[in-house]
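Bear in mind the structure is a predicted one, so any value in this text is a computation, not a measurement. Only this structure's heavy atoms are used, side chains among them; waters, hydrogens and symmetry mates stay out.
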Amino acid sequence: QVQLRESGGGFVQTGGSLRLSCSNSGRTFNLYTIGWFRQAPGKEREFVAAIRWTYDSPWYGDSMPGRVTIARDTTKNAVVLQMNSLKPEDTALYYCATQRGDGLINAESAYDQWGQGTQVTVST
């Protein structure tokens, strides 16, 4: 059973950095694909990045080119999303989601378990 929990969101100034974390209550993500999506007020949810845990293979969307890194933290059974050079347009609720196996990595519909989200707010 997957129980996702995001952490690390907060308030940051333009140009700052945040490190988000997604865990599964300490359980392994083996055989899962873990994705990060975000949704700003009045906008659709969009793909940020994902990683296939078993292969340690990252994928990135077009929303934060060159400013985001996704990685496994095998010591904590977590997936971290390092975000740098943050801009006000990055302000959104950031969600962690999982899919079992190797489905379409950037499609919201491919993920069947979602966390509650963590808020990121970037000020000018």
Gap separating the CG atom of Asn24 from the OG1 atom of Thr98, nearest 0.5 angstrom:
7.0 Å
How long is the span from the CZ atom in Phe11 to the OG atom in Ser123, to the nearest 0.5 Å?
4.0 Å
Identify the two heavy atoms, one from Gln119 and one from Leu93, that lie closest to each other, and give their separation to 0.1 Å.
N-CD1, 3.6 Å
Mind checking the CE-CG spacing from Met83 to Leu18? Nearest 0.5 Å is all I need.
5.0 Å
Any chain of hydrophobic side-chain contacts (each under 4.5 Å) joining Leu4 to Val80?
no
Hey, does the side chain of Thr33 reach the backbone of Gly101 with a donor-acceptor pair shorter than 3.5 angstrom?
yes
Side-chain donor/acceptor of Thr118 to backbone N/O of Glu6, under 3.5 Å
no
How about Thr14 and Leu86: do any of their side-chain heavy atoms sit closer than 4.5 Å?
no
Is any side-chain heavy atom of Glu46 closer than 4.5 Å to one of Asp62?
no
Spacing of CD belonging to Gln99 relative to CG belonging to Leu104, to within rounding of 0.5 Å:
7.5 Å
Do Ser23 and Arg5 get their side chains close enough for a donor-acceptor pair, meaning under 3.5 Å?
no
Would you say Tyr32 and Ile51 are hydrophobically clustered, going by side-chain heavy atoms of ILVMFWY under 4.5 Å?
yes
Donor-acceptor pair, side chain of Ser17 and main chain of Asn84, under 3.5 angstrom:
no
Please answer: with hydrophobic residues joined when any side-chain heavy atoms are less than 4.5 Å apart, are Tyr94 and Val68 in the same cluster?
yes
same_hphob_cluster(Trp36, Tyr60) at 4.5 Å side-chain heavy-atom cutoff:
yes
Are any non-hydrogen side-chain atoms of Asn77 and Arg27 less than 4.5 angstrom apart?
no
How far does CD of Gln82 sit from CD1 of Ile70, to the nearest 0.5 angstrom?
12.0 Å
Pair Arg38-Tyr95, side-chain contact (heavy atoms from CB on, under 4.5 Å): steps then yes or no
CA-CA 6 Å; Arg38 69 182 186 180; Tyr95 295 92; over 6 Å; no
Are Leu20 and Val12 connected, step by step, through hydrophobic side chains (Ile, Leu, Val, Met, Phe, Trp, Tyr) whose heavy atoms are closer than 4.5 Å?
yes
Find out whether Gln113 and Arg100 are in side-chain contact, i.e. whether some heavy atom of one side chain is under 4.5 Å from a heavy atom of the other.
no
Thr91 vs Val120, side-chain contact (heavy atoms from CB on, under 4.5 Å): CA-CA, chis, key distance, verdict
CA-CA 5 Å; Thr91 294; Val120 170; 5.8 Å; no
Got a sec, which pairs hit disulfide (SG to SG under 2.5 Å) with one end in residues 55-117, sequence neighbours left out?
Cys22-Cys96
Backbone of Ile105 reached by a side-chain donor or acceptor of Tyr111 within 3.5 Å:
yes
Quick one: pull up CG in Leu81 and CZ in Arg19 and give me the separation to the nearest 0.5 Å.
9.5 Å
Sequence neighbours excluded, the answer for side chain to side chain contact (heavy atoms under 4.5 Å, CB included) partners of Glu108 is Phe37, Arg45, Trp114
Under the side-chain contact (heavy atoms from CB on, under 4.5 Å) criterion, do Lys87 and Arg67 qualify, and how do the steps go?
CA-CA 10 Å; Lys87 306 174 182 180; Arg67 300 187 293 118; 3.8 Å; yes
How about Ser21 and Asp73: does a side-chain donor come under 3.5 Å of a side-chain acceptor?
no
Strictly distance-based, threshold 3.5 Å: is any side-chain N or O of Arg72 a donor or acceptor partner for the main-chain N or O of Trp53?
yes
